[in-house]
There are 2 protein chains.
Amino acid sequence: MITVLTDRQKKILQLIIDDYIETAEPVGSRTIARKYNLGISPATIRNEMSDLELLGYLEQPHTSAGRIPSAAAYRLYVDSLSKGDSLGLSPNDMALINSWYKERVHSIDDIFQSTAKILSRMSKNVSVVLANKDSQSSFSYMKFLPLNAHQAILCIVTEEGNVDHGVVEIPAGMKQEEMERLAERVSRFLNGKKLNDITNDLLNEVREAIAGDKSLYVSIINGIKKVKAAQQENKMFLGGTKQLLNQPEFKDTERMRELLGVLEEEQMLKDMLMAGKDSGLKVTIGSENKFSGIQDCSMIQATYRLNGQVVGTLAVLGPTRMEYRKVISVMDYLHNYLKVVMNKIDEK
Amino acid sequence: MITVLTDRQKKILQLIIDDYIETAEPVGSRTIARKYNLGISPATIRNEMSDLELLGYLEQPHTSAGRIPSAAAYRLYVDSLSKGDSLGLSPNDMALINSWYKERVHSIDDIFQSTAKILSRMSKNVSVVLANKDSQSSFSYMKFLPLNAHQAILCIVTEEGNVDHGVVEIPAGMKQEEMERLAERVSRFLNGKKLNDITNDLLNEVREAIAGDKSLYVSIINGIKKVKAAQQENKMFLGGTKQLLNQPEFKDTERMRELLGVLEEEQMLKDMLMAGKDSGLKVTIGSENKFSGIQDCSMIQATYRLNGQVVGTLAVLGPTRMEYRKVISVMDYLHNYLKVVMNKIDEK
DNA sequence: TATTAGCACTCGAAACTTTAGAGTGCTAAC
DNA sequence: GTTAGCACTCTAAAGTTTCGAGTGCTAATA
């Protein structure tokens, strides 16, 4: 269908979308005529609506009801949004956000948690914040820190300043200096290597190269593997499950159950978010979504980078009827906020 | 009311509780007579029920309905349970639990998450797992690990083998050896002190004692504070929000909203759990609960210790109609399971 | 030709009514 | 003390009715 809409059609469609997003009720021709006076009679609007339905932009739940926007209509709307339509948050909302951020921020995790909460409150939907650590960091060196007679702490340091550690048993009879030499040799071997490039084969080489105590070797290997895992882990923060109850579309318990199910599958959620991480802002409407369980939902997702690296993903999940414009504005604002905060923390 | 129930009354009350827990429907005299044959007519049961209602153990939603157990009835039931009534899980359930645990366990956190999931599945209610780190650990020493020309990593080690770390700026002109000496002096000063005992006053003493570079001092202090915070943090894992939808008592959206609200207030939940941490097993029924929002719910909570220290709390939150016996059995089983798993990890 | 008033028609939501049945309490008999 | 019998109660479910918002079509109008 490559028909271009007339300006009046666009206008009417827009009003219907706005009204429906606000009220969640099918919109009738009279409503449009009354609420927004277009200098046009309901009958005319009716005719236009009929056309819009034929074009696939409107749907009728049943004959004697008003009409609701189709997925295609939202698509059109969202696309037109991104084309320059100036976003922007009301000063009121900004103030709210700022005050919410001040509530409780002790750690980095708190910031993410707060962000999720704020995002859900502003969007009146469920929010997900994914803090990515899909890091390209490189091995710098390792070291043993003394703990007691039988145990030591294996510390592994990356060039980016991340540290991971674990307790290892000291093999009977091994001296402190010997361990230090061992650590140094392994360090030299792996220094500068990207963690992703430290494969099992490489670790085997290490084994041969150091040819030291076997149990210690196992500890070292485990330690390195653990660092790798920790570096690649990404943390997820959920907010606003409660909001589901406010959305009329979830009065139907079955739909709610489905979405809650998705939210409980942490791995699936992560996959969903990772799938959209390449484009900065991604809006997935209804059946555009490939993951089962949320195919009658929409997802707005924004991925942010720092020096080319994905550092975080914000997402809002809800019914297709969503305040797209507002949510996108909020995300934009949060992004800027986070940038500032993160930098401050970096400085510390 | 210090009336002792006759054996028959106890029996009948028990049956009513059982039936109600299973069906969530008010129980009538005929149902009891038919389902469990007591060699007694419905009329007789009716008389007894009438008495039990007077004694406060039963309630009638309305005249022409059956009766449901009161909070007092559950209390009686639960108390009788703990008095030796042999608990025990069906082999079937045990097998289920074991298989669920095998699904995905990479880290310690996964274990807790799985535990929450299992607990919620078995109880058909929301579960909370609190991993306590209310630790009594002591400062052992600190050390600077080199990172680059301008930064170093401050590592703080406790006697228990916990390590925390952070990046600090190296003051201009300060040499590696100088920093090492500084670390050694602070270490000597704080060595062996319980983290809880490291107050601001003590930190001030440190400041005077080391009288070194000011910015480095600030970094050190912050580092120590961070370790303290990290050590005392306790992590919470939630499971089975979805389960709420299965419980008929939450058909009423308002009740659901309340409970979800509580679940989103992490701090409040923690407080609730901490409040019951002294007794090993605590069952709070309905209005016994002092926290608002869950006063028509029950909470079953079990706190576990290792060497006298609280290490974890399992809890199930749900309507007063709950499978108390089963939940307690499951908790018991999970506890034993966790003990084994944790020990294995310790050994690693 | 585009717009609009007018009107018959549709259909769901809400209000109301009816019905069925589960449960009770009481009384009188066993 | 127990129980059969029965009148009475009250809810949930099913069935009606009513109301109104909304439509589509037609014919008049600009």
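Below, chains carry the letters A, B, ... as their sequence lines are ordered, and counting in each starts from 1.
Taking only side-chain atoms of B/His62, from C-beta outward, the nucleotide of D/dA4, D/dC10, C/dT24 with the closest atom is D/dC10. Listed candidates were C/dT3, D/dT3, C/dT24. Nearest to the side chain of B/Ile40 is D/dT3. For A/Arg8, taking side-chain heavy atoms from C-beta onward, the closest of the listed nucleotides C/dT24, D/dT3, C/dT3 is C/dT3. Which of C/dG25, D/dC10, D/dG24 sits closest to the side chain of B/Ser50 comes down to C/dG25.
The nearest whole Å value for the distance from the OH atom in B/Tyr20 to the C1' atom in C/dG23 is 16 Å. A straight line from CG of A/Leu52 to P of D/dG24 spans 12 Å, rounded to a whole angstrom. Between the CZ atom of A/Arg30 and the P atom of D/dG24 there is a distance of 15 Å, rounded to whole Å. Atom CD of B/Glu25 and atom C1' of C/dG23 are 13 Å apart (whole Å). Between the CD1 atom of A/Ile68 and the P atom of D/dT23 there is a distance of 13 Å, rounded to whole Å. Atom CD in A/Gln60 sits roughly 7 Å away from atom P in D/dT23 (whole-Å rounding). Rounded to whole Å, atom C1' of C/dA22 lies 14 Å from atom CD1 of B/Ile32. Going from atom CG of A/Asn47 over to atom P of C/dT1 covers 15 Å, rounded to whole Å.
Between A/Thr31 and A/Ala43, the residue anchored nearer the 5' end of DNA chain D, judged by the nucleotide with its closest heavy atom, is A/Thr31. In terms of position on DNA chain D, the residue among A/Gly28 and B/Glu48 whose nearest nucleotide sits closer to the 5' end is B/Glu48.
By the 6.0 Å contact criterion, NZ on B/Lys326 is enclosed, its count of non-hydrogen atoms from other residues, nucleotides or ligands being greater than 12.
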task = Report the C-alpha separation of B/Tyr36 and B/Asp19 in whole Å, then their side-chain angles, then the decisive distance to 0.1 Å, and conclude whether the side chain to side chain donor-acceptor pair (under 3.5 Å) test is met.
result = CA-CA 10 Å; B/Tyr36 322 87; B/Asp19 201 87; 3.0 Å; yes

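Taking the side chain as every heavy atom from C-beta outward, A/Leu76 and A/Leu5 approach each other to under 4.5 Å.
The shortest distance between the side-chain N/O atoms of A/Arg67 and the OP1/OP2 oxygens of D/dA21 is not below 4.0 Å. The phosphate of C/dT3 (OP1 or OP2) has no side-chain N or O of A/Thr44 nearer than 4.0 angstrom. Taking side-chain N and O atoms only, B/Thr63 has a distance below 4.0 Å to OP1 or OP2 of D/dC10. In this structure, B/Ser64 does not reach the C/dG23 phosphate: none of its side-chain N or O atoms is under 4.0 Å from OP1 or OP2.
Under the side-chain hydrogen bond (donor to acceptor under 3.5 Å, both in side chains) test applied with B/Gln247, the options B/Lys124, B/Arg255, B/Arg321 reduce to a single match, B/Arg321.
Ring orientation note: the planes of B/Tyr77 and B/Tyr324 are nearly perpendicular, at an angle over 60° on the 30°/60° scale.
You'll find a donor-acceptor pair under 3.5 Å spanning the side chain of B/Arg46 and the base of C/dG25, going by distance alone.
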